[in-house]
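In this text, all values refer to a predicted model and were calculated from it rather than measured experimentally.
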Amino acid sequence: MREDGIPADSGPPAQKVSEVLRRKSRSMLILVVVIALLGPALLLVQFYFSQRTSTVYTPAVDTTSRLVIAMRWAQSDLRMDRAYGLPGAEDRLRVRETDSREALAELQRLVGDDDAFSPALGKLTAASESWWRYADTVVGTTPELAAGESPLSQQENIDAVMDFTAMVTAADTLLSAAKDKRAEMRDWRTVTLWSGSALAFLIIFAASAAIIRDTRRTARTIVDPIEELAEVARNDTEGGRGTRARTDEGPAEVRALAAAFNVLLDTRDDFEAGREEHVRRLEELDRQKDDFVSTVSHELRTPLASIVGYTEMLCDGDGGDLTPAQLRLVSVVQRNADRLRGLIEDLLTLSRIEARGLDIDHDRLRLDSVVDHVLESLRPVADRAGLALEERIDPAEVTGDALQLERAVTNLVSNAIKFTPEGGTVTVSLTADGGTATVTVADTGIGIPVAEHEHLGTRFFRSSTAQRGSIPGTGLGLSIVQAIAEGHDGDLDFDSAEGEGTTFRLTVPLHHPGGTGDADPTAGGPATA
C-alpha cells in the first residue's frame, strides 16, 4: 500500500486531478492566446499594406501626374511666348516652375529612398532642371524678332526638346512604377485578407476540435472512473453484493476513493456475516431479561403480599396493642412495602409493553367519569397532604381503555400531589375541543429545572428537585403514561419551571360515530356509571 492509499499493484502511475486539469487548462490557454493574437496580427499586416498604398504610392501617382501636367503647361506657355510675345509669360512660367519643384520635392520625400524609383526620379529631376534653365533663357527675349527667329542656337533648342522628352519619359516610368507598386500592395492586402481569414478559420476549427477532444479525454480520465464507482455503489445498494470498484483506473484521488470504498464494503460484509448471530443473541438476551423481570416481579409479589398483610394486621391490633414507637416503625415498613409494590407493578407494566406492546381495549367510554373516579380516590390523599384539589370537568366521550386511562390520570394526579408542598394547589381539568379531549393536571409544586426537561419521561429518571427533597418515586410513571397516550393515538406534553410548578397535558382523540366501540355503547366500565 502506498502513502496515498492506493495499492502498489494498481497499474500505471496515476495522475492527480489537479495535474490533469492544469495540463488541459494550459493547452487551452495557448490555443486561446494564438487565436486572440491572430486577429490583431492580420489587422496589422493589412494596415501596413493599406498605409503604404494610401500614403506612398497613391500620392506618388498623383504627384507625378501633377508634375507632368505642370511641365506640359509650361512648355505650352513657352511656345506661346516665343510665337506671339504675349505679356505675363514670365509670371506664368514662374508659377509652373514652382509647382514643378514642389512636385519633385514631394516625390523625393515619398520614393526618394526606394531603389525601384531612384533611377527614374534622378533622370526626371535632372531633365527638369535642364529644361527650366532653357526656359529661363528663353523668357524675356526681345519680342521684335521675326517669326521663327531665336536668340538661342539651334543645338540649344534641340537639347531642350530632348530634355523635355527625357523628363516626360522618366515621369512616365515613375508613374508606371508607382501604379505597379500600388496594384501590388492592393493585391497583397487582398491576399492577406482572404488567406488570413482562411487561416483564422482553420485555426479556430482546429482549436475547437482540440478542445472537444481534450474535454472528452478529460471526461474519460476523471468522470468515467467516478461513474463506475457510482455504479458499484448503486448495485451494492440494490443488493448486488460482492462487486468491487476498480483501483487501477482514473486519477489518484479516485483510486484512493475506490480503495477506501472497497475496504468499507469488505467491512460491511464482515459485519453482516455476523449480524444475524448478534441479533439472535440480543433477542435471546432480551427475552431472558423479560423473563427475569417477570419472574422476579412475580416472586417478589408473594412475600410482599405477606409483608403488607401482616403489617396491616399489626396496625389493626390483631397481634396486640402496639406502643406509639412500635406503631411508627410498623407504619414505616408498611409505607416502604407500598412503594415496593408500586415499583413491582410498574416493572411488570413496562415489561409487558416492551414484550408485546400495550394491550389497549378500544371501547366507547366517558372520560369525564374516569377522571371523576380518580379524583374521588385521591382526594383523601390530597387532604392529608394539606393541598387544595380543584377540578373543572367537561363531558367528553372517547374510544379507549378505561383501566389504562384511569392508570395514566392517577399517575399524573398522584405525582402532582406528591411534588406539591403543603398549602399548594392541584388543578385537574378536562376539555373537549377540535376533536381532542385534553386532561390537564397543573400544580404549584417544586417544578423541574429547564435543563432537565429533555430527560423527563426517560425510564428511572428523577429530577434534581425531587432528589433534593427526598421525595420517593421510581422514575417509571411518566414512561407508562407516555405509552398509554401513544396507545390511544394521543400525546403527553408538559410545561414546568423550577419553584413555580408543573403542568401536564394528556390528549386523547374524541369518539367518532362509526368507529371502534360503537357496537357496545355500554362498554368501558366507568362510562356507564
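Between Leu124 and Leu107, some side-chain heavy-atom pair lies under the 4.5 Å cut-off. You'll find the side chain of Leu175 reaches within 4.5 Å of the side chain of Val61, heavy atoms only. Taking 4.5 Å as the limit, some side-chain heavy atom of Leu405 sits within range of a side-chain heavy atom of Val398. Side-chain contact between Glu184 and Tyr57: absent, with no pair of heavy atoms (C-beta onward) separated by less than 4.5 Å. Taking the side chain as every heavy atom from C-beta outward, Asp62 and Arg66 never approach each other to under 4.5 Å.
Scanning both residues, Leu174 and Ala120, for their nearest heavy atoms gives N-CB, 4.2 Å. Shortest non-hydrogen contact noted between Ala127 and Asp163 is CB-O, 3.4 Å. The two residues Trp132 and Met71 make their nearest non-hydrogen contact at NE1-SD, 3.4 Å. Nearest approach of Thr436 to Thr507, heavy atoms of both residues: CG2-CB, 3.7 Å. For the residue pair Asp113 and Leu110, the shortest heavy atom distance occurs at OD1-O, 4.2 Å. A pairwise comparison of heavy atoms in Gly445 and Asp443 identifies N-OD1, 2.9 Å as the closest pair.
Atom CG of Leu506 sits about 9.0 Å away from atom CD of Gln482, to the nearest 0.5 Å. The distance from the CZ atom of Phe49 to the CZ atom of Arg186 is 14.0 Å, given to the nearest 0.5 Å. The structure places OG1 of Thr502 at 9.5 Å from CG of Asn415, a figure rounded to the nearest 0.5 Å. The OG1 atom of Thr399 sits 11.0 Å away from the CG atom of Leu367 when rounded to the nearest 0.5 Å. Atom OG1 of Thr438 is separated from atom CG of Asp491 by 10.0 Å, given to the nearest 0.5 angstrom. Between the NZ atom of Lys123 and the CG atom of Leu121 there is a distance of 12.0 Å, given to the nearest 0.5 Å.
Under the salt bridge (charged side-chain N to carboxylate O under 4.0 Å, His left out) criterion, Glu129 pairs with Arg101, sequence neighbours left out. With sequence neighbours excluded, the residues forming a salt bridge (charged side-chain N to carboxylate O under 4.0 Å, His left out) with Arg505 are Asp493, Asp495, listed by chain and number. Considering only residues two or more places apart in sequence or on other chains, Thr58 meets the side-chain hydrogen bond (donor to acceptor under 3.5 Å, both in side chains) condition with none of them.
By the 30° and 60° cut-offs, the orientation of the rings of Trp131 relative to Phe164 is tilted.
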Set out, in order, the CA-CA distance, both residues' side-chain angles and the distance that settles side-chain contact (heavy atoms from CB on, under 4.5 Å) for Ser496 and Thr503, then state yes or no. CA-CA 6 Å; Ser496 183; Thr503 299; over 6 Å; no

Worked check of side-chain hydrogen bond (donor to acceptor under 3.5 Å, both in side chains) between Ser50 and Arg189: CA-CA 7 Å; Ser50 298; Arg189 184 179 62 185; 3.2 Å; yes

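Here the side chain of Ser100 pairs no donor or acceptor atom with the backbone of Arg96 at under 3.5 angstrom. Looking only at distances, no side-chain donor or acceptor of Ser176 sits under 3.5 Å from a matching main-chain atom of Asp172.
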